[in-house]
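To start, the structure under review is shown below, and the notes come after it.
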Amino acid sequence: MDYYLELLEKNVTNAGGVVAFADTAKDASNYVTKLAKSRGVKSVVKSKSMISEEMSLNHHLEIQGIEPIETDLGEYIVQLAGETPYHIIAPAIHKSSEEVSALFSEKIGTEATLGIEDLTEVARKQLREKFISADMGITGGNFMVADTGTLALVTNEGNGRMCTSMPRIHVAIVGMEKVIPSMTDLGLFLRLLIRSATGQWISSYVTTVSGPKRSKDIDGPEEFHLVIVDNGRSRILADPVLRESLYCLRCGACLNACPVYRKVGGHSYGWVYPGPIGAVVSPMLTGLSRGKDLPFASTLCGSCREACPVKIDIPKMLLYLRNQLSEGTHYGGERTSGLIERTISTVCGRLLMNRNATAKVVKFLGRILNIFPKSMFPFLKGWTRFRDLPEFPEQSFIEGWRNSRHIGNADRRGDRNSRE
Ligand code: SF4
C-alpha cells in the first residue's frame, strides 16, 4: 500500500493537484477548514462521503462560519432532520415519504402532502442554487487509481459530478485503503461495488477526476486537493486478522444481509459505520473500549460473509475482537474485562472441558441456590428482576435421560414378560 500511495501522490502532483496526508480525523478537518478559510470560502457543497462523517466535518466547518450543504438526496434529508445516516449507501432509508414531506414543509416551507417526485423536484431546485453559489466542493472517493492519479466517484444522482466541476475548489477526502494499482483494475472494482451496492450493472454516473482544470478546459475547478486519511487504518493494517477489513468497498451488502442490522437499524451502532463491517472497523477506529459492545452485536450466522463481494470473513474478525476484548493481549491496554472476570472465565473454561466435574459443581451450586432465598444473591438480579428462577432439579439432564431410558427399558421388559 505504501508503494501505491507514493505513486498516487506523485501522479496527482504531476497533474497539478495537491496531496495531503492526515494521520487523524482532526488533522484532516484542520486541513480542510484552514484551506477554506484561506480561500475565503463561505459555502461548501458535499457529495456523500462516509469519511467526512468520520471526521464530523460539517460540525468543524460550521464552527468556522462556513455553510456545508449535503447534496446527495438522502444525506440532504438527514442533514435537514439533524440526524446521521442510517445506512452507508441509503442514508435516509428509515424515513417514509410522508415523513420527508413533513420535514420539507417544516424546514423549507413546502406543502406537507407532497409525493416522492415533487419532493425530489423541491430538493433539486434548492440544491441547484447551492451548486451555483458554492465556493468549494467536497467529495469522498470510491477508488484512487495510483498509476494515473485519478479519483473515481460513483453516484446515481449526478451530484458528485456537480461537486467536482462547478465550485472553484475541489477537495476529495479518502481513506488510505481506497488506493488501487491501475486503471485496468478499476473496471473490476466498479463492477463489484455497483452490483453489490444497488444491483445495477453500472451506476448512472461514474466520474473520474485527474487534477484541476487544464488551460484548455472550459470548466472544472481551479484547485484540486486530495486528503488521504489514516485515522486508525494503519492499526488495522498492522493486525494480521483484521487487515482484510480494509478491502471493504462500502457497498452495504453485509448490512442488508445482517439479521441484527435489519432489526436494530443503523443508528443503534452509535457511530458512522453500522452493520457487520461497522462492528469490526468502528472499535478499531474509535478505540476498542469505546466500541466494546459492537463485536457482540452479531449472531455470527455468516450472512455478511456470503453477501460480501470481496469475501471479507467478518464473523472470524468479530470472534477475534471478542477474544481480544475479554482476554486478548494484542490490545492489552484496551481490554475491557477485569482480572476477576478473566480468572472466572479461565476457571469456567477449564471446568467445562470436564463433563463430570462440571455436573458435580453445577449440582452443588444448584443445591445452595435451592436452599437460600434468591434475593441473597445479587448477581442473579439481572435475571430475577423480571422472572422467576426455577428450582434446580436434583438430577442433571444426562442422569435424568439415563434413568428414563432405564425405566423405559425395564417397562418394555416387564410388558414382554407379562405377554409371555
Ligand atoms: S464488508 Fe463487504 S459487503 Fe460489507 S460493505 Fe464492505 S465490501 Fe460491502
Side-chain angles (χ1 to χ4, degrees), residues 1 48-54 72 74-75 84-91 93 140-144 152-156 174-180 185-203 206 229 231-233 235-237 239-286 291 294-295 297-321:
M1 188 187 285
K48 191 161 77 58
S49 153
M50 296 309 289
I51 201 157
S52 75
E53 299 284 340
E54 201 179 310
D72 171 272
E75 288 279 353
T84 51
Y86 193 83
H87 187 288
I88 55 181
I89 64 156
I93 198 169
N142 295 98
F143 303 103
M144 286 298 315
L153 204 58
V154 175
T155 72
N156 267 316
V174 291
M176 61 189 235
E177 78 281 13
K178 296 286 178 187
V179 67
I180 59 172
D185 301 311
L186 183 62
L188 172 67
F189 280 110
L190 287 174
R191 283 285 298 278
L192 285 173
L193 168 64
I194 295 165
R195 194 187 54 181
S196 301
T198 53
Q200 297 164 288
W201 282 103
I202 188 82
S203 60
V206 175
V229 185
N231 199 34
R233 286 159 176 80
R235 193 160 94 125
I236 299 179
L237 188 64
D239 190 310
V241 179
L242 301 178
R243 180 174 300 160
E244 280 187 11
S245 65
L246 293 177
Y247 294 173
C248 178
L249 309 174
R250 304 278 186 262
C251 71
C254 58
L255 280 66
N256 304 338
C258 176
V260 176
Y261 175 87
R262 291 209 305 252
K263 268 278 173 247
V264 302
H267 290 158
S268 315
Y269 289 78
W271 201 55
V272 178
Y273 301 108
I277 191 63
V280 173
V281 298
S282 299
M284 292 303 291
L285 298 182
T286 60
L294 293 178
S298 168
T299 62
L300 302 176
C301 68
S303 304
C304 48
R305 185 179 46 213
E306 295 303 313
C308 179
V310 283
K311 294 288 166 248
I312 298 173
D313 194 345
I314 296 175
K316 182 174 127 194
M317 294 176 189
L318 292 172
L319 276 174
Y320 169 76
L321 281 171

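One-based numbering, in listed order, for ligands and for the atoms of each. Note that the structure is predicted; figures quoted are calculated from it, not measured. Side-chain atoms are counted along with the backbone in the values below, which use heavy atoms only and exclude waters and symmetry mates.
The shortest distance between side-chain heavy atoms of N156 and Q200 falls below 4.5 Å.
Taking the six-membered ring for Trp and thresholds of 30 and 60 degrees, F189 and F143 have ring planes inclined between 30 and 60 degrees apart.
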Stepwise side chain to side chain contact (heavy atoms under 4.5 Å, CB included) check, L153 with N142: CA-CA 5 Å; L153 204 58; N142 295 98; 4.2 Å; yes
Contacts under 3.5 angstrom, residues 300-312 side chains, donor-acceptor by atom type, not counting sequence neighbours:
from, atom 1, to, atom 2, distance (Å)
R305, NH1, D313, OD1, 3.0
K311, NZ, E306, O, 3.0
K311, NZ, C308, O, 3.2

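R262 CZ: more than 12 foreign heavy atoms inside a 6.0 Å radius.
When all heavy atoms of P91 and D72 are compared, the closest pair comes out as CG-OD1, 3.9 Å.
For atom 6 (Fe) of ligand 1, the neighbouring protein N/O/S atoms at less than 2.8 Å, given as residue and atom, are C248 SG.
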